[in-house]
Every structure is written in C-alpha cells, then in structure tokens.
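We name chains A, B, ... by the order of the sequence lines, and we start the count at 1 in each one. All values reported here derive from a predicted model rather than from experimental measurement.
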Amino acid sequence: MTVPERQVHEFPAVIVGAGGAGLWAALELAREGIDTAVLTKLYPTRSHTGAAQGGICAALGNHEEDHWEWHMFDTVKGGDYLVDQDAAEVLAREAIETVLELEHMGLPFNRTPDGKIDQRRFGGHTRNFGEAPVRRSCFAADRTGHMILQTLYQQCIKFGVRFFDEYHVVDLIIEGGETRGVVAYRIADGEMHVFRSPAVLLATGGFGRMFRITSNAHALTGDGPALAYRHGIPLEDMEFYQFHPTGIVGIGILLSEAARGEGGYLRNDAGERFMEKYAPKLMELGPRDVISRAMYLEVREGRGIGGGDYVHLDLTHLGRAVIEAKLPDITEFARVYQGIEPITQPVPVQPTAHYAMGGIPTDVMARVVIDEKNTALPGLYAAGECACVSVHGANRLGTNSLIDILVFGRRAGRDMARHVRRNGVPDVPADVAEPVRAELEALRTRPVGENPNHIRAELASVMMDECGVFRTGTSLVRAYNVVCDLKDRYRRAQVQDRGRVFNTDLLEARELGYLLDCAEATVMSAMARTESRGGHYREDYPQRDDTEWLQHSLAYRTEGRPEMRYKPVSITHFEPKPRTY
Amino acid sequence: MLVDLRILRFDPERDEKPHWDTYSVESGPMARVLDLLHQVKWEEDGTLTFRRSCAHGVCGSDAMLINGRNRLACKVRVDQLGRRVSVAPLPGMRVIKDLVVDMEPFFDQYKSVKPFLVNEEPEPERERLQSPKERARYDDTTKCILCAACTTACPSFWAQPSFVGPAAIVNAHRFIFDSRDHASDERLEILADEDGVWRCRTIFNCTDACPRGIHITQAILEVSNAVVERRG
C-alpha cells in the first residue's frame, strides 16, 4: 500500500522533536531561509525542556571571576573522566555566546542590580578547578527551561518554521547508506505521512519512563534512540543513567537542585547534614551521583526519616523571602503534591530517575556516527538528551543539559544548513511506509492479547530495583532476563482502542516497544561494564578502572543479545584523576 | 477512598453525540485527577482519550473542566474534590475525542499578537541590560504555559469565538511591558481591534482558572490602559 500523494511532503530539513535542541536547530535553518519542518508528537510548548527548573551554566563571570576552562574542567570531572574533552571544550566555550544569544532573543533572565544576567551556584560547578562553588548558573526564577522553550518557540514563529504538531514519527528512512526522511503517524486521524528530506535531526529527548520513579514526562519514551537502534545504529554509554537526589517521594517529580544552590540542606533522621561524610568540601552541592548514592546509603543504614526510604530537604532556614522569590515553582510542587509547607517544614525527598547520559552517538557537529571509528551516517543528526556527544560522560552536572541541547542543537542546525545546500530532496520507494504501517495495524487490530500497561509497569519496576542507583552482576542478569521476557510478551500485546482518531492507546503501546529497546541496551551495557564510574555503580566492582574501562560502550541490536563494542575517550586537557569533592 | 468519576465521552467514529460514563475508582491519599484518568485508561477502558505529558503542571497538556472549573488534571488533588469527580473537555472548543479538543484556533490567536521579542537594533556584544525593576514589570505574564484554561473559561470567548482571548493578551502583555521590545505599537494596534481587549468584561473567570496563578484580568486591564494612552 502506498501513501497518497497529499501525504508525502518534501523538505530540505526535518526535525523530530520540539524541545530546546530541535527548536534551536530549526531556528538556525529558518534564519538561513531553509524551509524546515518540525514534527512533534505533542505541541511544541509541551516539550520537556519546559520542565527544567534551575538554570543554564555559562562562565559569564557576572558576579565573580570565571572561565570557560573551569567550566570545562568541572564538566569532565563531574562526568568521571568519561567525557569527550573535545566536546566539553565546545560546550564550555560556546555556552557563553549561546546564553547571550538567548538573552538577545528575549529570554527574561533574572538580573543583577546593574542589569546583567544574574547567576547562582549549582552542584559541581567550581572556581579554579575545584576550589569552591562558583556562581555560573544563569536563571529565570526556577522556570529557566520554561522560558527557554517559550523563547525559542516564539522565535521559530517569527522566522516561519513549519510545525507539524501531533505527528508521531514512527520510522526513519535510511536507504543506500544515507538519510532520506522519516515516516510519521498523524495522531488526529491515524494517517501515515512521509517526509522526504536529505537531513533529519533526532531531538526526541530521554527515556526516563523505563523507571518506576522518574522526573520525566510521560512522553519520554526513547523514540529517537529506539528507531536509530532498529536501523543498526549503536546506542552509546547506555549504562550511565542519572538519578537526581531530590524527587518527591513516590511520584518522582523533581525539586530542583536550585533549592540546594540557594542554600538548602539534606538531613537524615537524626537531623544530621549527612553529606559531610560523603562530600565534605561541596556538601549538598556535590554532583548528583554522589548525593543519590549517599541518600541510598543513609536509608540502607536505617537513617532514613522514621526508618523509611527517604530523607529531608530542609529549606526552613532560608526564610520566606528567598523561598518565595527564587524557588516559587518547587515550593508550589511541595504544597500541591505533598501537602508540605517548605517555609516551615522539611520536604521528604528520594532519588528519581532523571537523565540519560547515553544515547545516539554523534560527533561535535551533532552528526550521527555509527561505529568505533566515528564514521558519520550522511544526513542524520541527533542532539539533546537523545544524543551522546559525549559531554556528560558518566554523570551530568546540573544545568549542563540545558546548555548541551542549545549548543549542539545550534551546531546541528548550522551543519544541516551546509548539508542541504549540497544535497537535494532524495527519492524514496513508493511503499516506504508499508512496514511500519503494517506493524501499527497489527498492533491496533490484534484480537486477543495481554494489556501492554502491565508490561510497562513490570519493566519500570525491574529497571528501578535491579538497574538503578546500585547494581550487581546478579541484579543485572535478573533484569536482563525480565526484559527479554517482557519483549516476548510485548509481541502479543493487545490494545483496546480500535479507532483511527486520536488513538493514544495504540501510541502508548508503540512507545512501550521503544522503552523495551532502550532498556535492553541499558541493561546489557551495565552488565558488561565491570567497574563503577559516575552514575553506574556496581557493588561487585566498586572502583573505577581506567586501565580497562576508560572507554565508551556501543550497544548494537542483534536478533539475540545486543553486541557490545567500545571506542576510546577523547582526552585533550585533563588526565583522569581520583574524583573527590 | 472510592470515587465516582464521571467523564463526558465522545468518539467521533462511534457516537452521534457526547455522553457521560461513570467509573468507580479507588483513589490514594495524594492522588490527582490525572491518576484516576490513567487508572481507568490503563486498567479498565483503553479507549478513554486525553492529552498529558509532564504530569506536574508545567507543560499545559491536560487542561480540562473538572467539577465545573477549568484546571490541569495533574494539579488537582482528588481529596480536595470529594467523592464525586466530573470531568469534561474544555468548554467552547471543538471536541476531537473524549477530553481532547482542537487547539489550533487557540494557537492561531496566540500567534496573532506577535508573541516574540522585536528589537532590530544591532545586538550588543554582551547582554542587553535590564534593571531588576524593569524585569519585574512583566514577570507575572512570563509564567503562561498556553494550556487554554483561561480563554476557554471566558464567557466573552464563548459568546464570540473570534475574541483573541485572555491567553493571547497575556502573551502580548509579556512583550508590551518588556523594556527591550520595540513592537508595542503594533501589538496595541492589533488588540485595539473589535476582537481585542474591549471584549473583556472583567468577569475574572480567567484569573480564577489560571493554574499558574497569573493575574490575568489585571494584565488585560494594563494592556487596555496602554491602548487608551496610545490613542492619547
């Protein structure tokens, strides 16, 4: 069956996902006069960039001395030396012009008394290579991500970017070793659409929904990484997943690190600031992997609040004025979702699955690379959380996600502009949408089968319990077996909604397939890595092992177990050292 | 606690007109309306259709009419509603399916007020300076998440769907009072139109509905005053 002509579109550039990375790339292309389509399964302003609270780091030095080299060092050390240093250099240098450009676009940053962009402290960001915390995070109250998303969307409207809202991309078109476009499912009526294009950017965000307790939106199901994986592209460093220390107990909604940046404390049941034991220099502003592990250890040793599985985030000493002026959103979260008044009461918190350091491998131009030699796949790009460039290595610092999506979204847009000037809109086979249409039809019409929501719940539990903050060889084997079993059961899953109009039952089931693929690669990569580094902590291998493991993993999909390969880390400035805070 | 959850359902492929379905759902102590909707969808009836994404009140996907008020399903705790919860799509909008409405006209209205910074002066090397006071002038209206709760709570909008609506005016306000912007005149001209600010009857429904606590009626009045001042 072929897609009707009116549902075949031609664009010089196609962007999948409308968060910070996708929108900035679109803006670069549109300013160059290149007709650009942005496809999103939501509305652009619903993208998860909007949930980022705390800030965006750039060494502006508006309050005190700061340098991009310090930012680069913090990023490399924070990532436990698995960061590609050529990429970290790009990040830290271009952070400065990127933040200034955001201001020029109209972003309403908080201001210093003399009218400059205000900056505050954030975890792991220091002056003079680790000496003491530095004020590097630029912010707009605690809704920095919201303002970035709004500002970029506004500029995209100004420059005439073409939006295809509620188009769910369900396949990539890669033929003859080059990118030729994407296939999308229009949610409103269930029709298939083909977008022919020589340049495609995947900017689909993360996949935190594979875990039970997560800060991630329901939409974050790893669509881009899973589609790439199915086309033979490896997934890089999937074993590195970040658990953010301060999630709301039970539901995982994030209370920003800004709360600690403004001076909040973490306390155990005895009221002790327990970070004294784990990161005496930076205390509550230590990196997230260190703090999340510390919280688990406190709980394990019986010092959780009332013996339970959480600790307290204490803001009460900050006073009403600071809390209401600088942390209004997270204060409201505590009130609405926990019935807690943070001005007078400590807030119960526990680690929440937050951010994928791994993803689709790219070079510093955001071009997708497919092997150990970093061979690029012409016309395919990835940026933002779905990508692994790798600026975060084994653990991401707070605020570095926002700067990552913008610096590399911007670079993707610029390189795509060069690429589309040399390459016309490619041909695609008439029946290119047929395989994925048939898959979706089979799922939609299967007469009997298992409820996919039960499969999703089991996946989220096993990933949280066996592949979370602490891992062992045994727990990972258990997780792997469960994931394989769930993949098998997924082939027989049945949806209830048989309609064509706005069938979210069908799309949620489709997304579950993406989560299963991402989980498979995550567990396999974690099983293979017999060391502890950053967010990947193996209790059976508690030390970092630079002799064996100072390398990036690449998980390739096969018919059976994923195949693991490895590639070296780029080290240009800083030799690996023990990581203490 | 066991809750009676009534939902206004409509499937264009099956139904002639909307109808109420009632579900009996067990609700936990801190459960939100969105949790109840998920429970029904995932365990009882997969055809129940609604939008949602972030699930904590910042993405704006799940605005709907809950016990007679426009709110975000992820931000309303069930224990604050009692044992009877009724959920319907946002009023005044074309229903696509169940709780999903056509958002296109809403976003068209938003786009009509030039919701972007206009400043054609050469960009300085560093940031443009803005004092904390100038920044505070438009702080409130930067909070908007475009959920449409305000516009679809407005009787003037129900009576006259061509009214640009509170949300669009809020977003115009955000730029009109930004010291860096140079297009206030154009925006005020657009909003001086018959479908602009004058359709506001200061009913305050918009302010009551806003899940972000924006003082919307106040913002509309400030824009109206600016329109008057401009006419001089």
Undergrad: Which region of A:Glu97, side chain (C-beta onward) or backbone (N, CA, C, O), has a non-hydrogen atom less than 4.5 Å from a non-hydrogen atom of chain B, or is it both or neither?
TA: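 Contact with chain B is absent: no heavy atom of A:Glu97 under 4.5 Å.
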Undergrad: Quick check: do A:Phe502 and B:Glu13 have side-chain heavy atoms less than 4.5 Å from each other?
TA: no
Undergrad: Report which part of A:Ile251 has an atom under 4.5 Å of a heavy atom belonging to chain B: side chain, backbone, both, or neither.
TA: side chain
Undergrad: Given a strict heavy-atom distance threshold of 4.5 Å, which part of A:Pro452 is in contact with chain B: side chain, backbone, both, or neither?
TA: neither
Undergrad: Within a radius of less than 6.0 Å around CD of B:Glu189, do more than 12 heavy atoms belonging to other residues, nucleotides or ligands occur?
TA: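 For B:Glu189, atom CD is not crowded (no more than 12 foreign heavy atoms under 6.0 Å).
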Undergrad: Against chain B, label A:Ile253 side chain, backbone, both or neither, depending on which of its atoms sit under 4.5 Å from a heavy atom there.
TA: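 Only the side chain of A:Ile253 comes within 4.5 Å of chain B.
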Undergrad: What pair of heavy atoms forms the shortest contact from B:Trp42 to A:Asn453, and how long is it?
TA: CD1-OD1, 3.1 Å
Undergrad: What do you reckon, is CZ of A:Arg500 surrounded by more than 12 foreign heavy atoms closer than 6.0 Å?
TA: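 No, because the 6.0 Å sphere around CZ of A:Arg500 holds 12 heavy atoms or fewer from other groups.
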Undergrad: Side-chain contact, heavy-atom cut-off 4.5 Å: A:Glu332 with B:Lys75?
TA: yes
Undergrad: Determine the minimum heavy-atom distance between B:Arg32 and A:Tyr337, stating which atoms define it.
TA: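 Looking at all heavy atoms of both residues, the closest pair is CD-CE2, 3.1 Å.
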Undergrad: Which one wins on heavy-atom pair count under 4.5 Å against chain B: A:Val501, A:Leu100, A:Leu149, A:Thr504?
TA: A:Val501
Undergrad: With a 4.5 angstrom heavy-atom cut-off, could you sort out which part of A:Arg456 is near chain B: side chain, backbone, both or neither?
TA: side chain
Undergrad: Return the minimal non-hydrogen interatomic distance between A:Gln496 and B:Thr47, and the atom names on each side.
TA: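 Nearest pair, atom of A:Gln496 first, then B:Thr47: O-CG2, 4.0 Å.
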Undergrad: For A:Met147, which atoms come within 4.5 Å of any heavy atom of chain B: side chain, backbone, both, or neither?
TA: side chain
Undergrad: Where is the tightest heavy-atom contact between B:Lys111 and A:Ile157, given as atom of each residue plus distance?
TA: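 Shortest heavy-atom contact: CG-CD1, 3.9 Å.
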Undergrad: May I ask you to test the A:Thr45-B:Phe107 pair for a side-chain heavy-atom distance under 4.5 Å?
TA: yes
Undergrad: Is the CD atom of B:Glu16 crowded by more than 12 outside heavy atoms at less than 6.0 Å?
TA: no
Undergrad: For A:Phe333, which atoms come within 4.5 Å of any heavy atom of chain B: side chain, backbone, both, or neither?
TA: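 Just the side chain, heavy atoms under 4.5 Å.
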Undergrad: For A:Glu508, which atoms come within 4.5 Å of any heavy atom of chain B: side chain, backbone, both, or neither?
TA: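 For A:Glu508, the side chain is the part near chain B, not the backbone.
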Undergrad: Which heavy atom of A:Arg143 sits nearest to which heavy atom of B:Thr142, and what is that distance?
TA: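 Answer, listing the atom of A:Arg143 first, then B:Thr142: NH2-OG1, 3.4 Å.
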Undergrad: Is it true that, when you exclude B:Glu125 itself, more than 12 heavy atoms of the residues, nucleotides or ligands shown sit nearer than 6.0 Å to its CD?
TA: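 Counting neighbours around CD of B:Glu125, 12 or fewer heavy atoms of other residues, nucleotides or ligands fall under 6.0 Å, so no.
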Undergrad: Heavy-atom distances under 4.5 Å only: say whether A:Tyr153 touches chain B with side chain, backbone, both or neither.
TA: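 Answer is side chain: those atoms of A:Tyr153 sit under 4.5 Å from chain B.
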Undergrad: Please look at A:Arg335 and chain B and tell me whether the side chain, the backbone, both or neither of the residue comes under 4.5 angstrom of a heavy atom of that chain.
TA: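 It is the backbone, since no side chain atom gets that close.
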Undergrad: Please state whether the rings of A:His218 and B:His38 are parallel, tilted or perpendicular, taking 30° and 60° as the class boundaries.
TA: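 Aromatic pair A:His218/B:His38 classed tilted.
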Undergrad: Can you tell me how far NZ of B:Lys41 sits from CG of A:Asp497, rounded to the nearest 0.5 angstrom?
TA: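 Here the rounded value is 6.5 Å.
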Undergrad: Hey, does A:Leu42 have a side-chain heavy atom less than 4.5 Å from the side chain of B:Arg51?
TA: no
Undergrad: Side chain, backbone, both or neither: which part of A:Val336 has a non-hydrogen atom closer than 4.5 Å to chain B?
TA: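 Answer is both: backbone and side chain atoms of A:Val336 are under 4.5 Å from chain B.
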Undergrad: Report which part of A:Asp118 has an atom under 4.5 Å of a heavy atom belonging to chain B: side chain, backbone, both, or neither.
TA: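 Neither the backbone nor the side chain of A:Asp118 comes within 4.5 Å of chain B.
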Undergrad: When rounded to the nearest 0.5 angstrom, what is the spacing between CG in A:Asn503 and NZ in B:Lys97?
TA: 5.0 Å
Undergrad: Rounded to the nearest 0.5 Å, what's the gap from CD on B:Glu44 to CG on A:Asn451? Could you check?
TA: 11.5 Å
Undergrad: Quick check for you: among B:Glu123, B:Lys133, B:Arg128, which has the greatest number of heavy-atom pairs under 4.5 Å with chain A?
TA: B:Arg128
Undergrad: Please classify the contact between A:His104 and chain B as side chain, backbone, both or neither, with a heavy-atom cut-off of under 4.5 Å.
TA: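 Both parts, backbone and side chain.
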Undergrad: Side chain from CB out, backbone as N, CA, C, O: work out which of these in A:Ser47 comes under 4.5 Å of a heavy atom of chain B, or both, or neither.
TA: neither
Undergrad: Which heavy atom in B:Val118 sits nearest to a heavy atom in A:Lys158, and how many Å separate them?
TA: CA-NZ, 4.2 Å
Undergrad: Evaluate B:Glu127 against A:Arg111 for salt bridge (charged side-chain N to carboxylate O under 4.0 Å, His left out), listing each step before the verdict.
TA: CA-CA 11 Å; B:Glu127 62 265 56; A:Arg111 299 289 173 155; 5.4 Å; no
